[in-house]
Amino acid sequence: YSYQKWRLQGDIFGGRIDNSVKFILSDGTPMDTKLTVIIPRVIVEYQILNKSFGNPKAGEISSYLYAGGRLFNVNLFSVYPRQYEPVELNTTWIDPVAGISLFYSRKKLTLSSQGDMKVINPFSHPTWWFHFHARYRFYPHFSFALGWVIQDIHRVSEVLDRDFIYKAHLSGPMAGLTIHL
């Protein structure tokens with residue numbers, strides 16, 4: 001949703017990794033796990049740059065500063081070895097974020113990138129997110145996007161009376177449908 005120099009954006013990232021995350025138990029036994037993540041984000045953006053290149057065919061460039069929040073829901077479930085009781089760890093938290101976005105638009109095509117970092121303890125527990133994508137507007141209120149997402153997550157919390165350190169580097173292709181209001 002956009003109004004004058006302000007924009008409101010919401011998105012969600014999710015995925016599941018089966019049998020590729022491994023832990024070693026204290027007795028040396030490997031434990032295979034399944035990992036599911038769901039990460040919705042809501043941000044408010046303010047436009048700091050809007051530059052047209054004079055020629056309508058050349059397009060325009062714009063940039064926004066933004067702030068918002070990202071909710072993390074992480075579910076870790078052990079599947080092996082069978083002789084042990086299954087372990088299930090669910091953890092949910094919210095990180096406030098601040099970032100910048102850059103857009104180049106020409107007719108129905110937009111190239112964009114966004115990057116942000118959590119604003120509480122950003123350097124002691126760095127969590128950051130970056131993506132870039134190409135978006136094609138095929139209808140006045142809808143566009144389709146293809147791109148790449150890179151995210152580093154670092155979280156220290158207490159689970160079952162012990163410190164649980166969660167560090168993950170996620171990256172991969174993204175596809176999405178954008179609804180423009």
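All values reported here derive from a predicted model rather than from experimental measurement.
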Shortest non-hydrogen contact from [X] toward [Y]:
{"X": "G115", "Y": "F130", "answer": "CA-CD1, 4.0 Å"}
{"X": "I43", "Y": "L8", "answer": "O-CD1, 3.4 Å"}
{"X": "W148", "Y": "M174", "answer": "N-CG, 3.6 Å"}
{"X": "S105", "Y": "T110", "answer": "OG-OG1, 3.3 Å"}
{"X": "A58", "Y": "Y104", "answer": "O-OH, 2.6 Å"}
{"X": "I120", "Y": "P96", "answer": "CD1-CG, 3.6 Å"}

Same hydrophobic cluster for [X] and [Y], using side-chain heavy-atom links shorter than 4.5 Å among ILVMFWY?
{"X": "L177", "Y": "I12", "value": "no"}
{"X": "F103", "Y": "Y1", "value": "no"}
{"X": "V37", "Y": "V42", "value": "no"}
{"X": "F142", "Y": "L181", "value": "yes"}
{"X": "V44", "Y": "I100", "value": "yes"}

Supply the atom-to-atom distance [X] [atom1] to [Y] [atom2], rounded to the nearest 0.5 angstrom.
{"X": "S112", "Y": "R135", "atom1": "OG", "atom2": "CZ", "value": "5.5 Å"}
{"X": "I39", "Y": "L71", "atom1": "CD1", "atom2": "CG", "value": "9.0 Å"}
{"X": "L102", "Y": "I61", "atom1": "CG", "atom2": "CD1", "value": "4.5 Å"}
{"X": "L109", "Y": "Y136", "atom1": "CG", "atom2": "OH", "value": "8.5 Å"}
{"X": "D152", "Y": "M117", "atom1": "CG", "atom2": "CE", "value": "9.5 Å"}

Crowding at CZ, F138 (>12 non-hydrogen neighbours, <6.0 Å):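 Correct, the count exceeds 12.
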
Just wondering, do [Y] and [X] contact through their side chains at under 4.5 Å, heavy atoms?
{"X": "H154", "Y": "K118", "result": "no"}
{"X": "Q114", "Y": "W129", "result": "yes"}
{"X": "L111", "Y": "F132", "result": "no"}
{"X": "V74", "Y": "R155", "result": "no"}
{"X": "S143", "Y": "H180", "result": "yes"}
{"X": "F72", "Y": "T92", "result": "no"}

Among side-chain atoms of [X] and [Y], is any donor-acceptor pair under 3.5 angstrom?
{"X": "E45", "Y": "S101", "value": "yes"}
{"X": "S62", "Y": "N50", "value": "no"}
{"X": "Q4", "Y": "Q47", "value": "no"}

Should the ring pair H133 and H131 be called parallel, tilted or perpendicular, given that the plane angle runs from 0 to 90° and is split at 30 and 60?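 H133 and H131: parallel rings.
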
Decide, yes or no, whether a salt bridge links R41 with D11 under the criterion of side-chain N to carboxylate O below 4.0 Å.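 Salt bridge flag = yes for D11 with R41.
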
Quick one: is the NZ or CZ of R7 closer than 6.0 Å to the six-membered ring centre of Y64, and within 45° of its axis?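 Judged by the rule, R7 and Y64 form a cation-pi pair.
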
Walk me through it: do Y46 and W6 pass the test side-chain contact (heavy atoms from CB on, under 4.5 Å)? CA-CA 5 Å; Y46 182 76; W6 293 92; 3.4 Å; yes

